[in-house]
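Down below is the structure, laid out as structure tokens.
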Amino acid sequence: MNFQLTEEQILIQKTAREFADTELAPGVVERDDKKIWPKEGVAKMAALGFMGMMTNSKWNGEGMDTISYTIAMEEISRVEASAGVVMSVNNSLVCYLLEKFASDHIKEKYLKVLASGNQLGAFSLSEPQSGSDASNMKTTAQKKGDHYLISGIKNWVTSGINSDYVILFAVTEKGVGYKGVSCFIVEKGYTGFEMGKPENKLGIRASDTCELYFDSVKVPAENLIGKEGEGFKIALATLDGGRIGIAAQALGIAQASLNASVSYSKERIQFGKPISTHQAIQFKIADMAMEIEAARLLVWQAAWKKDQKQQYGHFSSMAKVFASEVAMRASTQCVQIHGGFGFMRESGIERLMRDAKITQIYEGTSEIQRVVIARSIIK
Ligand SMILES: Cc1cc2nc3c(=O)[nH]c(=O)nc-3n(C[C@H](O)[C@H](O)[C@H](O)COP(=O)(O)OP(=O)(O)OC[C@H]3O[C@@H](n4cnc5c(N)ncnc54)[C@H](O)[C@@H]3O)c2cc1C
């Protein structure tokens, strides 16, 4: 057992931390308030190699381990969780899926530009009637010779507007449930493919989320990923890894809450002394610090198990449930420690609480994660 990060991992942490503090922090409150997508930040993250961190260098990625990815995700999300989710989707839902399941032709054509961060990907599974029950989708893909015709509506697609390509799940065979779902890569320019307007969200407001509309969109047959009917298994296997990224995002929000609480409590004077000297405040800070350490161990353990090619599905679920609940508690207490100031938009403190909430919902809700964990324990 070794809890020490490697020299390379420490360097990534330092690079991501400095980048987030100097490049993402300026304007973060305004971008959240006005729903401004972090275009410059994402471009700089690409230049740093943060958009295809775990992808092999053969496909223009950085070939790093999952622990390095979680460390960078935590640091980015500590400052701007919206930038964190853009990074997370491109790395763990798009590049990972393509590298593991797509043909060399697809990797050559799409993965290389996506892993370098020159172009951006989105992952589109959810539909209005199928969220947690994701295989209950209505979007269809009909084979017509050398292409498929795709029709349907997808919703809540992160980076749906700012991405260039979308990993899309659609039904190729009706009446057989999840066994009829297939996976495709779809280009934004294809005729009949339209985007909805950006959703107005509680948190991660600087990231874009939208509906996608497919009206008999002609997709080349070679854009099928894996075989027909394998789509749902591909989605689930990909989301197992994706949850580690979201857990790291939650960890970043929790750490930001602790950092802000410590510095404000040392500055804010009430009853003639800093509020950090009141035991009620100290206990909140102690609880936050304790829970964050525990969450980080769960996140790193899930990442390590993935890197060791061990079964890690329910460990990533544990990491996500725990880290997201820690993020909610820490950010709520952070607002409390800041008093009325923390409730004000310009403080940037209430944003942490709003951003934390989504980590309990997307890539599988906390309830669904508990179902996954319980199933793996009660065999
Ligand atoms: C900002 C945002 C970004 C998103 N980005 C993406 C994306 O990029 N790609 C994508 O495909 N999707 C995306 N989603 C969709 C997201 O993954 C779903 O919202 C999530 O899976 C939950 O589905 P639902 O919202 O339909 O909730 P529902 O499934 O309707 O669930 C409602 C409630 O019921 C509970 N519930 C449901 N089933 C059970 C059960 N069996 N046992 C116990 N409780 C249950 C849930 O936990 C939840 O509390 C995004 C969503 C949001 C809000």
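In each ligand, atom 1 is the first atom listed, and ligand 1 is the first ligand listed. If you read the sequence from its start, that first residue is 1, and numbering goes on from there.
- When only non-hydrogen protein atoms are considered, atom 27 (O) of ligand 1 lies nearest to Ser132 OG, 4.2 Å.
- Minimum heavy-atom separation, Tyr69 to Ser88: OH-CA, 3.3 Å.
- The protein heavy-atom contact nearest to atom 14 (N) of ligand 1 is Trp156 O, 3.4 Å.
- Atoms of ligand 1 found under 4.0 Å from any heavy atom of Leu125, numbered from 1 in the order shown, are 10 (C), 11 (O).
- Protein heavy atoms are absent from the space less than 4.0 angstrom from atom 34 (O) of ligand 1.
- Under 3.5 Å, the side chains of Ser324 and Gln360 contain no donor-acceptor pair of N or O atoms.
- Residue contacts with ligand 1: Ile361 is included, with a non-hydrogen atom under 4.0 Å away.
- At a cut-off of 3.5 Å, with distance as the only test, a side-chain donor of Thr139 or Glu127 sits close to an acceptor on the other residue.
- When hydrogens are left out, the protein atom nearest atom 9 (N) of ligand 1 is Phe123 O, 2.8 Å; that is the closest non-hydrogen contact.
- With ring centers used as reference points, Phe193 lies 6.0 Å or more from Tyr213.
- With Lys44 as the partner, the salt bridge (Lys or Arg N to Asp or Glu O under 4.0 Å) test is satisfied by one option alone out of Glu80, Glu23, Glu18: Glu23.
- Applying the 4.0 Å criterion to heavy atoms of Lys201 picks out, from ligand 1, the atoms 1 (C).
- Closest protein heavy atom to atom 26 (O) of ligand 1: Gly131 CA, 3.2 Å.
- The pair Asp32-Arg354 meets the salt-bridge criterion, since a charged nitrogen lies less than 4.0 angstrom from a carboxylate oxygen.
- The proximity of Val85 to ligand 1, defined as any non-hydrogen pair under 4.0 Å, does not occur for either the backbone or the side chain.
- Salt-bridge formation is detected for the pair Arg370/Glu325: a Lys NZ or Arg NE/NH1/NH2 atom is positioned less than 4.0 Å from an Asp or Glu carboxylate oxygen.
- Counting only non-hydrogen atoms, the option in Glu363, Arg370, Glu367, Gln360 that gets closest to atom 17 (O) of ligand 1 is Glu363.
- For the residue pair Asn259 and Arg78, no side-chain donor N or O sits within less than 3.5 Å of a side-chain acceptor on the partner.
- In this structure, atom 44 (N) of ligand 1 has a protein heavy-atom contact shorter than 4.0 Å.
- Of the protein's heavy atoms, Ile358 CD1, 3.8 Å lies nearest to atom 52 (C) of ligand 1.
- Close contacts of ligand 1 with Thr365, meaning ligand atoms under 4.0 Å from a residue heavy atom, involve 22 (C), 46 (C), 47 (O).
- Between Thr158 and ligand 1, at least one pair of N/O atoms sits closer than 3.5 Å.
- The closest heavy-atom contact to atom 40 (C) of ligand 1, among the options Ile368, Ile204, Ile246, comes from Ile368.
- Counting only N and O atoms by type, the side chains of Lys201 and Thr209 include a donor and acceptor under 3.5 Å apart.
- Side chain to side chain, Asn223 and Tyr110 meet the donor-acceptor criterion of an N or O pair below 3.5 Å.
- Of the protein's non-hydrogen atoms, the one nearest atom 18 (C) of ligand 1 is Ser126 OG, 4.3 Å.
- With salt bridges taken as basic N to acidic carboxylate O contacts below 4.0 Å, one links Glu74 and Arg296.
- Of the heavy atoms in Lys154, none comes closer than 4.0 Å to ligand 1.
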